[in-house]
Peer 1: 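Below are the structure tokens for one structure; questions will follow.
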Amino acid sequence: MAAPFACELLAISASTGYPNCADKDSDASVQIARHLLRQLAVDDVSSLPGQTLGSRLERAVAIHLKTELPALAPHRPWAVFGTPGKTLISDFQQYQHLAKVKYLIDSDESGVLRSELGTDYLISPDVTVGLLVQSAYPFLHAAISCKWTIRSDRVQNIRHEGIILTRHRRGRQPHIVTVTAEPLPTRLAAIARGTGEVDAVYHIALKELEKAVAALDNSEQHSVLAELMDQGRLRDYDELAGTLALF
């Protein structure tokens with residue numbers, strides 16, 4: 001089942017005439033996206049740019065999880081943050097020490113600490129899921145990167161966040177996942193494959209994507225999608241809340 005907000009975000013781009021999740025320069029991307037939209041009976045035209053769609057995806061995921069997680073696991077003290085209330089990882093228990101590091105860097109008038117250590121570790125995940133434990137800081141349970149589509153620069157951003165969250169934690173690692181509407185399996189593989197910077201990639205319309213790729217005469221896209229799903233690296237968005245509530 002597609003994400004409850006999928007049909008609100010997916011549309012035909014007013015500027016290109018193609019689905020707003022497709023790469024107009026890729027025939028395979030356009031064909032898959034068109035088939036996906038037909039299955040969802042989406043024919044609305046939208047003039048929203050990709051950056052706005054990314055922000056709306058963040059907001060939709062945050063709103064959905066705020067409702068779904070307490071319903072699935074009411075005994076857990078959930079705290080979900082997303083657009084427009086993004087939070088730094090230093091606001092969470094496992095990473096609170098990074099705020100102290102930043103203070104020392106900012107206080108160093110020589111600039112040596114900033115030059116040697118940098119500040120790229122103070123990241124703000126698109127959506128964060130915290131647990132309000134008996135501490136001044138909530139526990140970071142999940143960090144969710146929301147990318148409307150997958151491009152090389154976005155892959156690097158996702159990997160960078162995953163590395164920071166893994167290397168700088170003091171305590172249990174949070175779930176690190178990505179949510180996307182990207183239709184092309186080879187693009188999805190760019191982040192779903194790899195050395196574990198993310199736990200899994202969740203697609204907002206995976207079942208529809210499966211059917212769209214099956215209808216495409218492209219063996220590479222078929223095999224890549226099958227690989228990602230067989231490995232559990234690509235999952236249906238419908239599974240996300242249940243996974244976060246269970247573990």
Side-chain angles (χ1 to χ4, degrees), residues 1-72 80-85 126-127 129 142 144-151 154 158 177-188 191-192 200-216 221 225 228-229 233-245:
M1 180 184 297
F5 47 80
C7 292
E8 298 174 15
L9 299 179
L10 291 165
I12 303 299
S13 171
S15 61
T16 67
Y18 298 131
N20 61 1
C21 62
D23 178 356
K24 63 181 179 61
D25 296 320
S26 167
D27 289 341
S29 177
V30 171
Q31 290 180 50
I32 293 171
R34 280 178 170 164
H35 196 288
L36 190 155
L37 264 60
R38 281 199 297 271
Q39 293 176 70
L40 294 172
V42 171
D43 56 10
D44 294 336
V45 176
S46 172
S47 58
L48 292 177
Q51 186 173 3
T52 301
L53 285 166
S55 297
R56 291 201 173 189
L57 178 61
E58 294 171 23
R59 187 178 296 110
V61 169
I63 291 172
H64 179 251
L65 292 179
K66 281 180 181 178
T67 301
E68 199 71 10
L69 290 173
L72 292 172
V80 180
F81 304 97
T83 304
D126 295 328
V127 177
V129 178
I144 304 170
S145 179
C146 299
K147 300 292 182 268
W148 183 245
T149 55
I150 301 297
R151 300 293 184 269
R154 293 165 199 168
I158 296 169
V177 304
T178 299
V179 174
T180 187
E182 172 60 50
L184 200 61
T186 48
R187 293 264 175 88
L188 291 166
I191 185 60
V201 175
Y202 290 83
H203 197 281
I204 68 169
L206 184 58
K207 290 181 174 59
E208 290 77 11
L209 178 64
E210 281 188 86
K211 293 178 181 178
V213 172
L216 182 72
Q221 302 301 333
L225 182 65
L228 298 179
M229 294 185 65
R233 303 298 300 249
L234 180 63
R235 302 179 183 180
D236 196 320
Y237 176 82
D238 192 46
E239 300 177 31
L240 178 57
T243 299
L244 297 182

Peer 1: Decide side-chain contact (heavy atoms from CB on, under 4.5 Å) for T180 and H203; before the verdict, give the C-alpha distance in whole Å, the side-chain angles of both, and the deciding distance to 0.1 Å.
Peer 2: CA-CA 5 Å; T180 187; H203 197 281; 4.3 Å; yes

Peer 1: How close do P70 and L65 get, counting heavy atoms only, and between which atoms?
Peer 2: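 Smallest interatomic distance, heavy atoms only, reads CD-O, 3.7 Å.
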
Peer 1: Which heavy atom of N20 sits nearest to which heavy atom of L9, and what is that distance?
Peer 2: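 Here N20 and L9 meet closest at ND2-O, 3.0 Å.
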
Peer 1: Can you confirm whether the side chains of H35 and Q39 place a donor and an acceptor under 3.5 Å from each other?
Peer 2: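 Distance-only check passes for H35 and Q39.
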
Peer 1: Which heavy atom of M229 sits nearest a heavy atom of L206, and at what distance?
Peer 2: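 Scanning both residues, the minimum pair turns out to be CE-CD2, 3.9 Å.
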
Peer 1: To the nearest 0.5 Å, tell me how far I63 CD1 sits from E58 CD.
Peer 2: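 I63 atom CD1 to E58 atom CD measures 11.5 Å (nearest 0.5 Å).
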
Peer 1: To the nearest 0.5 Å, what is the distance between OH on Y202 and OG1 on T178?
Peer 2: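 Y202 OH to T178 OG1: 10.5 Å, rounded to 0.5 Å.
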
Peer 1: Look up atom CD1 in I144 and atom CG in L244, then write down how far apart they are to the nearest 0.5 Å.
Peer 2: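 That separation rounds to 5.5 Å.
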
Peer 1: Any chance you could measure R34, atom CZ, to S29, atom OG, to the nearest 0.5 Å?
Peer 2: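 Result: 10.5 Å between the selected atoms.
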
Peer 1: To the nearest 0.5 Å, tell me how far L209 CG sits from I204 CD1.
Peer 2: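 CD1 of I204 is found 10.5 Å from CG of L209.
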
Peer 1: Which residue is it: D43, V42, D44, L37? I am looking for the one with a side chain to side chain contact (heavy atoms under 4.5 Å, CB included) to I12.
Peer 2: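 It is L37, the one option of D43, V42, D44, L37 that forms the side chain to side chain contact (heavy atoms under 4.5 Å, CB included) with I12.
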
Peer 1: Would you say the side-chain atoms of R154 and T149 include a donor-acceptor pair closer than 3.5 Å?
Peer 2: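 Their side chains do contain a donor-acceptor pair, which is all the 3.5 Å distance test asks for.
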
Peer 1: Rounded to the nearest 0.5 Å, what's the gap from CG on L228 to OG1 on T186? Could you check?
Peer 2: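 Here the rounded value is 9.5 Å.
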
Peer 1: If you define the side chain from C-beta out and look only at heavy atoms, does anything of S55 sit under 4.5 Å from T52?
Peer 2: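 SC-SC contact between S55 and T52 ruled out.
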
Peer 1: Please report the shortest heavy-atom distance between P185 and I32, naming the atom on each side.
Peer 2: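 Nearest heavy atoms, P185 then I32: CD-CD1, 3.9 Å.
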
Peer 1: Under 6.0 Å from the CZ atom of R56, do we count more than 12 heavy atoms belonging to anything else shown?
Peer 2: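 Count not over threshold, so no.
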
Peer 1: Hey, are D23 and R187 close enough for a salt bridge, meaning a charged N less than 4.0 Å from a carboxylate O?
Peer 2: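 So D23 pairs with R187 through a salt bridge.
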
Peer 1: Between E208 and R38, does any side-chain N to carboxylate O distance fall below 4.0 Å?
Peer 2: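 Salt bridge: no.
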
Peer 1: I'd like to check D126 versus K147 (side-chain heavy atoms, cut-off strictly below 4.5 Å). Are they in contact?
Peer 2: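 Heavy-atom side-chain distance check passes, below 4.5 Å.
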
Peer 1: Kindly assign one of parallel, tilted or perpendicular to the pair F5 and Y237, based on the angle between their ring planes and the thresholds 30° and 60°.
Peer 2: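 The rings of F5 and Y237 stand perpendicular, inter-plane angle above 60°.
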
Peer 1: Using the rule given for side-chain contact (heavy atoms from CB on, under 4.5 Å), can you reason through R233 versus V201, listing the C-alpha separation, both sets of side-chain angles and the distance that settles it, and then say yes or no?
Peer 2: CA-CA 6 Å; R233 303 298 300 249; V201 175; over 6 Å; no

Peer 1: Can you name the closest pair of heavy atoms from D236 and K207 and give their distance?
Peer 2: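 The answer is OD2-NZ, 3.0 Å.
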
Peer 1: Closest heavy-atom contact between L72 and G242?
Peer 2: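 That closest heavy-atom pairing would be CD1-N, 3.8 Å.
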
Peer 1: Between L36 and L10, is any pair of side-chain heavy atoms under 4.5 Å apart?
Peer 2: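 A side-chain contact exists here, since the closest heavy-atom pair is under 4.5 Å.
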
Peer 1: Sub-3.5 Å donor-acceptor pair from the side chain of E182 to the main-chain atoms of I150, do we have one?
Peer 2: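 Side chain of E182 to backbone of I150, a donor-acceptor pair under 3.5 Å: yes, one is there.
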
